[in-house]
Amino acid sequence: MATAPLDFADAAAREFERAMQRNLKGLDYFRTSGPSLGATPKDVLIERGTMRLYHYHAMSDEVYRIPVLLVMATTNRGYIFDMVSGQSLVEYLLRAGFDVFMLDWDAPRADEKSLSLESYVLDFLPAAVARVKAESGEDDINLVGYCFGGVLSLLWAALHPGAGLANLVTFTTPVDFAQMKLFQAWADRRFFDVDKLVDTLGNCPADLLYTAFDMLRPAARTAGNIRLYDNLWNDEFVKSYRMFDRWTSDSLPLAGEYFRQTTKKLIWDNQLMEERLEVGGRRVDLATITAPFLHVTAEHDHIVPTAASAPLLGMIGSADKSEIVLKGGHVSLVAGGNAIKRLWPNLVQWLGERST
């Protein structure tokens, strides 16, 4: 009992020091722009319209023969895979001995409003795969897709059997769009006129998509700001907050026709789940994918709920296929401290065993 006043005094001193640091560092927060993201050295192999293909500089002697092509979702920038040194999946793969490429996206221009699912699945992805093979000198590739980048990877793989796919990995990738309940409500065909939006605006604005994602957790931004204020004294917390806040806010518009197709074919008609989806007049059958397959989901994913991706494993035709469910959410699964401890080691081990 005699030590209680001293303990109280220590705690009060700590809180006073944090309050002082919070006020001082709060000024720095508004004066500075935060850490530089996506800075791992790379070459730009393709820069065509909305499409960007990067090849990262090796950081070790390559251990694995088969190169890795990361495929980013079309709604956000690819630097979620390459935050800062020590928190970069790209760097982690390079140091593990992989030859790493990334298919990333830029905002589609007004004259690119006619880009479609066919553009991504039958043009951009095949062009990226061909360049990766030419650059690496290998006939096979590993494909790793995140969120809708995973959907595009699935569609490409199903429509290009025999194209040299060695291994396929998807993170938080939906196939049953009927289970994405808030998106179903947001895009309800009774109230949402996708044709009018596209015909009027051309491309789907980034702000519309950003608001839709925000609606999934309406109080998250306010809660995040409160946590930021409470932790302004903590440099590591502030650094992490700024990285993720910038990436989350850095949404991309979607090409109009592509947005129209994904709304009608996937969200409204659930054609991928019902095995009725056609791309370029060719029906997509995920059972034709026979390469080793890994799907990774997050326990607390609020964007792609577990129910939306649960049927995927059964739809794939591979004999070697598995699913891993890890702690975390849609973003923390792939980046940050949670990803460093959980996803990244699992990914390197799984790919490493199949990439020699």
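Along the sequence shown, residues are numbered consecutively beginning with 1. Remember, predicted model here, so these are calculated numbers, not experimental data.
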For the pair Lys133 and Glu138, evaluate salt bridge (charged side-chain N to carboxylate O under 4.0 Å, His left out) and give the outcome as yes or no after the intermediate values. CA-CA 5 Å; Lys133 290 181 179 180; Glu138 296 293 339; over 6 Å; no

Salt bridge (charged side-chain N to carboxylate O under 4.0 Å, His left out) assessment of Asp140 paired with Arg354: CA-CA 12 Å; Asp140 302 322; Arg354 296 164 175 82; over 6 Å; no

Show your working on side-chain contact (heavy atoms from CB on, under 4.5 Å) between Ile340 and Gln87 and close with a plain yes or no. CA-CA 7 Å; Ile340 294 170; Gln87 296 192 48; 4.1 Å; yes

Take Leu122 and Arg282 through the side-chain contact (heavy atoms from CB on, under 4.5 Å) test and state the conclusion after the steps. CA-CA 11 Å; Leu122 304 180; Arg282 300 161 59 191; 4.0 Å; yes

Evaluate the salt bridge (charged side-chain N to carboxylate O under 4.0 Å, His left out) criterion for residues Glu47 and Arg52: first the C-alpha distance (whole Å), next the side-chain angles of each, then the deciding distance (0.1 Å), finally the verdict. CA-CA 5 Å; Glu47 189 171 4; Arg52 301 290 182 274; 3.6 Å; yes

When you look at Phe192 and Leu197, which way does the side-chain contact (heavy atoms from CB on, under 4.5 Å) test go after all the steps? CA-CA 9 Å; Phe192 181 56; Leu197 184 148; 3.9 Å; yes

Verdict with reasoning, Asp123 to Arg48, per salt bridge (charged side-chain N to carboxylate O under 4.0 Å, His left out): CA-CA 11 Å; Asp123 180 7; Arg48 173 162 64 90; 3.0 Å; yes

Step-by-step side-chain contact (heavy atoms from CB on, under 4.5 Å) determination, Phe101 to Ile141: CA-CA 10 Å; Phe101 299 77; Ile141 65 160; over 6 Å; no

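Note that the CZ atom of Phe293 and the CG atom of Leu286 stand 8.5 Å from one another [nearest 0.5 Å]. The line from OG1 of Thr262 to NZ of Lys265 is 10.5 Å long, rounded to the nearest 0.5 Å. Taken from CG in Leu165 to OG1 in Thr290, the straight-line distance is 8.0 Å, to the nearest 0.5 Å. In this structure, Asp176 CG and Leu272 CG are separated by 9.5 Å, a value rounded to the nearest 0.5 Å. For the atom pair Ser136 OG and His55 NE2, the distance stands at 7.5 Å (nearest 0.5 Å). Taking CE of Met51 as the reference point, atom CG of Leu45 lies at 9.5 Å (rounded to 0.5 Å).
More than 12 heavy-atom neighbours from other residues, nucleotides or ligands sit within 6.0 angstrom of CG on Asp111.
Residues Ala298 and Gly328 share a closest heavy-atom pair of CB-O, 3.2 Å. Minimum interatomic distance between Leu326 and Ile324 (heavy atoms only, all atoms of both residues): CD2-CG2, 3.4 Å. Considering all non-hydrogen atoms of both residues, Val304 and Ser309 come closest at CG1-CB, 4.4 Å. Among all heavy-atom pairs drawn from Ile80 and Met83, the shortest one is CD1-CE, 3.5 Å. Of all non-hydrogen atoms in Val175 and Pro311, the two that sit nearest each other are CG2-CD, 4.1 Å. Across all their heavy atoms, Glu112 and Ala107 have their closest contact at OE1-O, 4.3 Å.
Remark: Arg260 engages Asp199 in a salt bridge, criterion side-chain N to carboxylate O under 4.0 Å.
Leu252 is not listed as a side-chain neighbour of Thr75, based on a closest heavy-atom distance of 4.5 Å or more. With contacts defined as side-chain heavy-atom distances shorter than 4.5 Å, the pair Pro174/Phe177 qualifies. Between Val334 and Val296 there is no side-chain heavy-atom pair separated by less than 4.5 Å. Inter-residue side-chain proximity for Val68 and Asp99 is flagged as unmet; no heavy-atom pair is nearer than 4.5 Å. Side-chain contact between Leu117 and Leu152: present, with at least one pair of heavy atoms (C-beta onward) separated by less than 4.5 Å. At least one side-chain heavy atom of Tyr146 sits less than 4.5 Å from a side-chain heavy atom of Thr172. Counting heavy atoms from C-beta on, the side chains of Ile289 and Leu168 come closer than 4.5 Å. Looking at Asn167 and Trp350, their side chains come closer than 4.5 Å, going by heavy atoms from C-beta outward.
In summary, the side chains of Asp301 and His330 do present a donor paired with an acceptor at a separation below 3.5 Å, with no hydrogens or angles considered. No side-chain N or O of Glu323 forms a donor-acceptor pair with one of Thr297 less than 3.5 Å apart. A donor and an acceptor atom, one from each side chain of Gln261 and Glu118, are located under 3.5 Å apart. Side-chain atoms of Asp82 and Ser88 form a donor-acceptor pair, as typed in the model, at a separation below 3.5 Å.
Judged purely by atom type and a 3.5 angstrom limit, Asp269 has no side-chain atom pairing as donor or acceptor with the backbone of Gln271. For Ser322 (side chain) and Leu294 (main-chain N/O), no donor-acceptor pair under 3.5 Å exists by modelled atom type. Judged by distance alone, the side chain of Asp104 and the main-chain N or O of Gly78 form a donor-acceptor pair under 3.5 Å. Looking only at distances, a side-chain donor or acceptor of Lys321 sits under 3.5 Å from a matching main-chain atom of Ile316. With hydrogens and angles ignored, the 3.5 Å screen pairs a side-chain donor or acceptor of Ser60 with a backbone N or O of Leu94. Panel note: side chain Asn338, backbone Ser332; a donor-acceptor pair is recorded below 3.5 Å. Judged by distance alone, with hydrogens and angles left aside, the side-chain atoms of Trp268 form a donor-acceptor pair with the main-chain N or O of Ala187 at under 3.5 Å. Side-chain N or O atoms of Gln184 include one that pairs as donor or acceptor with a backbone N or O of Ile267 at under 3.5 Å. When atom types are taken as modelled, the side chain of His295 and the backbone of Thr170 share a donor-acceptor pair closer than 3.5 angstrom. At least one donor-acceptor pair closer than 3.5 Å links the side chain of Asn203 to the backbone N or O of Arg109.
Residues passing the ring-ring contact (aromatic ring centres under 6.0 Å, His included) test with Phe171: none are found, sequence neighbours excluded. By the salt bridge (Lys or Arg N to Asp or Glu O under 4.0 Å) test, Glu275 is found to be paired with no residue, residues two or more places apart in sequence or in another chain being considered. Under the side chain to side chain donor-acceptor pair (under 3.5 Å) criterion, Lys264 pairs with Asp195, sequence neighbours left out.
Within the 6.0 Å centre-distance limit, the rings of Tyr258 and Tyr120 are counted as a close aromatic pair. Residues Trp105 and Phe148 place their aromatic rings such that the two centres sit no closer than 6.0 Å.
The hydrophobic clustering, which links ILVMFWY residues whose side-chain heavy atoms are closer than 4.5 Å, places Leu143 and Ile66 apart. By the rule that hydrophobic residues join a cluster once side-chain heavy atoms approach within less than 4.5 Å of another member, Ile303 and Val325 end up as members of separate clusters. In the hydrophobic clustering of ILVMFWY residues, with side-chain heavy atoms under 4.5 Å counting as a link, Leu69 and Val44 come out together.
Considering Trp344, Tyr56, Phe98 in turn, Trp344 is the only one that fulfils the ring-ring contact (aromatic ring centres under 6.0 Å, His included) rule with Tyr92.
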